[in-house]
Number of protein chains: 2
Amino acid sequence: MKNHRNEHTRERILDEAEALFALKGYHAVSVREITGAAQCNLAAVNYHFGNKQKLYLEVYRQRWLPRAERVHQSFQDSLKSEQAPSAGTVVQSLARAFLEGPLSDEERNRHLRLVVGELSQPTEAFDQVIERVFRPLLGSLISDLRAAMPADMDQEQAVLNAFSIMAMVLYFNLARPVIKAVLGATDGSDLQTRLIDHLVEFSLNGIAGGKWETGK
Amino acid sequence: MKNHRNEHTRERILDEAEALFALKGYHAVSVREITGAAQCNLAAVNYHFGNKQKLYLEVYRQRWLPRAERVHQSFQDSLKSEQAPSAGTVVQSLARAFLEGPLSDEERNRHLRLVVGELSQPTEAFDQVIERVFRPLLGSLISDLRAAMPADMDQEQAVLNAFSIMAMVLYFNLARPVIKAVLGATDGSDLQTRLIDHLVEFSLNGIAGGKWETGK
DNA sequence: AACTATTTCAAACGTTTGTATCAAACGATC
DNA sequence: GATCGTTTGATACAAACGTTTGAAATAGTT
């Protein structure tokens with residue numbers, strides 16, 4: 001067996017690297033900044049991971065992917081308790097898995113910032129994110145939605161509905177400061193809860209779809 | 001008056017800087033890369049803008065802000081033609097202003113990537129984006145929506161609805177590659193049109209709101 | 001045509017970057 | 001407790017970075 005302080009060092013580097021990458025983006029973070037935060041030597045990164053880019057990839061593999069799977073699992077677990085979940089239950093389960101599920105506020109923030117970074121400036125991790133997480137999650141979501149509303153929803157419509165829900169989940173997290181700034185003093189107690197409620201209601205009405213002559 | 005080639009240089013730098021910042025992000029772009037693309041001398045950036053960060057700010061001031069105002073204008077123009085626009089018209093006007101309005105595909109891509117970058121990694125430009133563009137646009141959108149649906153929509157609900165629509169506009173642009181990858185070979189002819197249609201229908205149903213026991 | 005202000009250019013500056021080196025310290029196994 | 005592979009630490013390095021400089025070139029004015 002290896003010793004313990006070494007693995008601690010490796011894990012500390014992964015933790016601090018993830019936090020810094022999520023906060024400032026890959027290029028804005030230097031290796032010295034990471035090793036400084038992790039309180040280890042500069043060379044430790046190159047010893048444990050080879051170079052900066054491989055460290056970044058390892059952050060995705062060893063921190064981001066497992067967390068994404070936890071979220072996915074949480075989503076599926078809350079659905080398995082019901083036999084034939086309604087579309088409302090599906091959407092609500094998804095929103096809750098992301099926004100109040102197994103992740104702490106800090107974890108969720110890191111998690112979503114990392115994936116947004118990868119979406120807007122794709123690196124080698126992009127394919128992993130898509131194939132290992134995005135596609136399976138969208139697959140689950142789509143099949144659940146179609147099972148709940150088998151009537152008149154074809155594949156493309158289901159995909160677009162799923163993307164719309166994901167859009168709000170990501171954006172409501174990313175733009176939290178903006179939302180707070182715009183809502184201003186109205187910011188009561190649990191903004192988070194109201195955001196989830198709105199997201200669920202909005203997207204459920206969205207997918208419930210039909211004609212749209214509701215306007216006055 | 002100044003001469004002409006100089007202003008050309010200044011403008012070329014702004015153009016190339018914007019394209020590169022949007023494509024790769026602030027820190028991933030070097031001054032040499034910009035001056036190389038603009039085919040001018042390295043020192044030109046510091047002569048015309050002082051330093052790299054001020055160039056970035058100037059890109060927002062002289063390129064991004066005017067374009068954002070063009071989009072806002074386009075949104076308002078298409079509404080003024082009608083006397084009492086329905087919520088459907090409001091949403092459709094907004095979606096079209098962003099997705100097929102005055103901007104070319106390339107311009108829109110740059111525009112939205114820049115704002116997403118600013119949302120996820122705020123810099124000094126952030127406040128400008130919020131106060132000069134986001135807040136006015138949200139203001140227009142909210143008052144239009146409330147005028148169209150005066151019944152039971154309070155301020156916060158209108159704000160959240162507006163954010164939800166913006167979420168989809170931004171995300172559908174950012175995640176275009178992912179959408180294409182997931183939709184796969186089904187990708188027919190005009191994905192763009194279908195995306196707008198879906199966005200309008202989804203968000204209109206979303207704000208039309210009410211109860212949500214539609215699920216099976 | 002001469003002069004002045006503005007803009008471009010090549011070259012260099014001092015830092016910071018990612019990465020490599022190699023001896024010292026450490027843990028595990030015999 | 002000697003030995004071996006593994007991990008750490010201080011230091012070094014070349015490359016790239018943003019920025020500065022001062023002279024050459026250009027445009028505008030008289």
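Since the model is a prediction, treat every value here as computed from it, not as a measurement. Note: hydrogens, waters and symmetry copies are ignored here, and every other heavy atom, side chains too, is used.
- Using a 4.0 Å heavy-atom distance criterion, N51(A) is classed as a sugar-phosphate-only contact.
- The aromatic rings of F163(B) and Y171(A) lie tilted to each other, with the angle between the two planes from 30° to 60°.
- Rounded to an integer number of Å, the gap from Y47(A) OH to dC22(C) P is 17 Å.
- Taking atom CD on Q39(B) and atom C1' on dT8(C), their separation rounds to 14 Å, with Å as the unit.
- Proximity of a side-chain donor or acceptor of N51(A) to a complementary backbone N or O of K54(A) within less than 3.5 Å is detected.
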Q.
Before you tell me yes or no, could you show the steps for Q73(A) and D77(A) under side chain to side chain donor-acceptor pair (under 3.5 Å), namely the whole-Å CA-CA distance, both residues' side-chain angles and the distance that decides it to 0.1 Å?
A. CA-CA 6 Å; Q73(A) 197 63 44; D77(A) 285 351; 3.3 Å; yes

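- Between F49(B) atom CZ and dT8(C) atom P there is a gap of 11 Å when expressed in whole angstrom units.
- Remark: T9(A) is in phosphate contact with dT8(D), judged by side-chain N or O atoms under 4.0 Å from OP1 or OP2.
- Candidate nucleotides dA20(C), dA12(C), dG18(C) were compared by shortest atom distance to the side chain of L42(B), and dA12(C) ranks first.
- Between N173(A) and F98(A) the shortest side-chain heavy-atom distance does not fall below 4.5 Å.
- Side chain to side chain, Q157(A) and R146(A) fail the donor-acceptor criterion of an N or O pair below 3.5 Å.
- The side chain of H48(A) contributes an N or O atom lying less than 4.0 Å from OP1 or OP2 of dT8(D).
- Between dT7(D) and H8(A), no contact under 4.0 Å exists linking OP1 or OP2 to a side-chain N or O.
- Considering only the side chain of A43(A), dG9(D) comes nearest among dT8(C), dT20(D), dG9(D).
- Residues from residues 22-38 of chain A that place a heavy atom under 4.0 Å from any atom of DNA chain D, listed by number: R32(A).
- Residue N41(A) has its side chain nearest to dG9(D) when only dT8(C), dC9(C), dG9(D) are considered.
- Separating the NZ atom of K54(A) from the C1' atom of dG18(C) is a distance of 13 Å, rounded to the nearest angstrom.
- Side chain of N46(B), nearest nucleotide from dT8(C), dC9(C), dT19(D): dT19(D).
- We find that NZ of K52(B) is positioned 15 Å from P of dT20(D), with the value rounded to whole Å.
- As a whole-Å value, the separation of E11(B) CD from dT8(C) P is 12 Å.
- A side-chain donor-acceptor contact under 3.5 Å links H198(A) to the backbone of L160(B).
- Nearer to the 5' terminus of DNA chain D, by closest-nucleotide assignment, is the contact made by A44(A) (compared with the other of A44(A) and Q53(B)).
- Looking at Q62(A) and R67(A), their side chains never bring a donor and an acceptor atom within 3.5 Å of each other.
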